[in-house]
Amino acid sequence: MLVLLACVGQFLVVLDVSIVNVALPSMDAALNLGPAGTQWVVNAYVLLFAGLLLVGGRLADLVGVRRVLLTGLALVAGASLLGGTATDAATLIVARAGQGLGAALLAPATMTLLTTTVPEGTRRHRALAVWTAVGLTGGTLGNLLGGVITEYLTWRWVLFVNVPLAVVAGLLAVRAPGTDGVTRRRSVDLPGAVLATVGLVSLTFGVVTAGTHGWRAPTTWAALILAAAVFAAFVVVEWRWAPVPLLPPSLFRIRSVARGNVVLLLAGACLNPMWYFLTFAMQGVLGLGPLATGFGFLPHTVLTIVVGVWLTPRLMRAVAHRTLVVAGAVVAAAGFVWQSGLTADTGYLAGFLGPAILIALGGGLLNTPATVLATSGVDPRDAGAASGLLNTAKQVGAAVGLAVLVTVVRPDAGSRDADALADTYGLAFLALALVSATTAVAALLLPRSGEISRVGTSPSGVASDQPG
C-alpha cells in the first residue's frame, strides 16, 4: 500500500506538469490568455514547484509524511477545482500556482515515504524503480491524456481529473501504516526556508525568462544575480547559524548523495527537455496533431516501464550501480544522435521509433540506480531533506537545460518549413546527446559497487563515507 500511495502521489505531480501542454491553445481560446498569459499558465506552476521543493522535503522530516501528503493533496485538489471553473486568466494562473505549491509538498514526501519505510537493499531498489518509472511515464501519459481529454471533453477536465486522483491518494494516506515518518525535531529553519525559496524562485524565473527573452535581457540578469546572492546567504546560514538546517550540510559529506545529485541534475537537463523538442518535431516536421503526437510517445512510455520496473532492478543485483548509470547515459546519447538525423522525408517508424528505443532504454537504466545512490546512507531524520534536494536537482536541471537549448537552438514553432524545422530540432537533439555524454562522464565519479551499503552515518550522527 505504501508503494501504491507513493506512486499515485508522484503520478499526480508529474501529470500536472505535462497534461496542460496540449490544452493550452484551447485555454487561450476560451479565456483569451494571450501569449503572456499562456506562458504564465506553465510558469506559475514551475516557479512554485521548483521554489518550494526543499521546504516541502524538510517539512516531511519535521511534521511527518502523512500531514505533508494530505496537505499537498488538498492543495492540488482545491487548486484543480478552482482552475477548472476559472472564467478569467488571473484565476487560472493562481490555480496553477496552487497546484505547483501542492506538488512541491507531494514530490519529496512520496520519496521520503519510501526511503523511511522500505529498508535499503533489493526491496528499496524495486520500490524506487517503480516510483521512478511512474515519474518517467507520467509525463508521456500526460501528453496523451491531455490530447484525448481536450479533444473529446473540454480543457477544464484536464484540471478536474486531478480531483479523483487526489481523493484516492488521500484515502490511502489516511489508512496506510507508517506514514508519520520520523518527527523528532520540530523547529523550522525559517531563515533558510525563506532564502531557499527566494533563491530557487529567482533562479527559475531567470531561467524561464532567458528561454523567452534571451540571456541578455535585464530581467534575466537581475533574477540570476539575485539568485546567486541569496544562495550565498543561504549557504552561510545553513553552515554557520541554523540549529536544524533546512538542507543539512552533512548530506554533502555523503559522496553518493552529493555526486548522485549532480548526475541527476545533468540527466534532468537532457531527458526532460527531450519531450519539448519531440513534441514540436512530431507536429512541425511530421505534421501530426495533438492526439497523434500523444500516441507517438507510447513507445517511450512502454519501454520505460519495462526497462525501469522489470529489467533495471534485476540488473542492479549483479551489475554495479555506477556501471548502469554510465551505460544508460551512453545509450541515451546514442539515441539522441540517431534522433538528430531527422529529416522532412523521414516517417515516424524510421525517424522516431528507433531513437525512442535507445532513449527509453538509456533513461530506464540510469534513473533508478542514480536515485538509489542519491538517497543511500541518509539518516532517516534527514530523508525528507534528501528527497527535496534530489527533486530540486532534477527540476533545476530540466529548467536550465530547456532554457539554454531554446536560446541556443532558437526553434521557430510557427514555421511551416519542415526541412528548416528538421535541421533546427536535429541540432537540439545533438546538444541533448552532448549533455547525456557529460552525464556519463560525471557518473564515472559515483561510488563503486560495494561502497553503497557502507555509506551511512557514524555513531555521532555525522554522515560518513567509508569506501570498500
Side-chain angles (χ1 to χ4, degrees), residues 1-15 56-57 60-61 64-66 68-69 72-73 105-139 165 168-169 172-173 175-182 254 256-257 260-261 263-264 267 301 304-321 324-325 328 363-391 393-394 449 452-453 455-456:
M1 181 180 289
L2 293 174
V3 176
L4 177 61
L5 170 59
C7 288
V8 172
Q10 178 68 358
F11 180 78
L12 191 59
V13 170
V14 180
L15 186 70
D61 294 328
V65 176
R66 190 198 306 269
V68 174
L69 279 171
L73 290 168
L105 299 179
L106 280 178
T110 58
M111 173 174 277
T112 303
L113 180 63
L114 297 180
T115 57
T116 55
T117 58
V118 182
E120 291 196 35
T122 302
R123 286 183 58 198
R124 183 183 291 187
H125 296 171
R126 189 181 304 115
L128 287 175
V130 175
W131 182 88
T132 302
V134 167
L136 291 172
T137 58
L165 288 173
V168 169
L172 289 173
R175 298 184 60 186
T179 55
D180 287 325
V182 181
I254 306 174
S256 61
V257 173
N261 275 282
V263 169
L264 286 169
T301 304
T304 297
I305 293 175
V306 171
V307 175
V309 176
W310 182 81
L311 178 61
T312 301
R314 287 166 171 77
L315 289 175
M316 289 173 68
R317 299 173 190 171
V319 182
H321 294 46
L324 288 175
V325 177
L365 284 176
L366 75 87
N367 267 285
T368 299
T371 300
V372 168
L373 283 167
T375 55
S376 294
V378 176
D379 188 318
R381 294 172 298 179
D382 295 328
S387 300
L389 175 62
L390 182 148
N391 281 280
K394 293 169 71 173
S449 178
I452 302 163
S453 61
V455 176

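Closest non-hydrogen pair, Ser387 versus Thr115, comes out as OG-OG1, 4.3 Å. Across all non-hydrogen atoms, the minimal contact from Ser256 to Ser376 is OG-O, 3.7 Å. The shortest heavy-atom contact between Leu114 and Arg124 is O-NE, 4.4 Å. Residues Leu390 and Ala374 share a closest heavy-atom pair of CD1-CB, 3.7 Å. Here the closest heavy-atom approach between residue Asn367 and residue Gly363 is recorded as ND2-O, 2.9 Å. When all heavy atoms of Ala370 and Val263 are compared, the closest pair comes out as CB-CG1, 4.5 Å.
Judged as a side-chain contact (heavy atoms from CB on, under 4.5 Å), and not counting sequence neighbours, the contacts of Ala107 are Gln10, Val13, Phe49, Leu53, Asn391.
Checking Leu106, Val68, Leu172 one by one against Leu73, the side chain to side chain contact (heavy atoms under 4.5 Å, CB included) holds for a single residue, Leu106.
The closest donor-acceptor contact from the side chain of Asp382 to the backbone of Val378 lies at 3.5 Å or more, if one exists at all.
Separating the CG atom in Asn261 from the OG1 atom in Thr371 is a distance of 9.5 Å, to the nearest 0.5 Å.
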Enumerate donor-acceptor pairs with a distance under 3.5 Å from any side-chain N or O in residues 308-318 to protein atoms, sequence neighbours excluded.
from: Thr312; atom 1: OG1; to: Val307; atom 2: O; distance (Å): 2.9
from: Thr312; atom 1: OG1; to: Gly364; atom 2: O; distance (Å): 2.9
from: Arg314; atom 1: NH1; to: Trp310; atom 2: O; distance (Å): 2.8

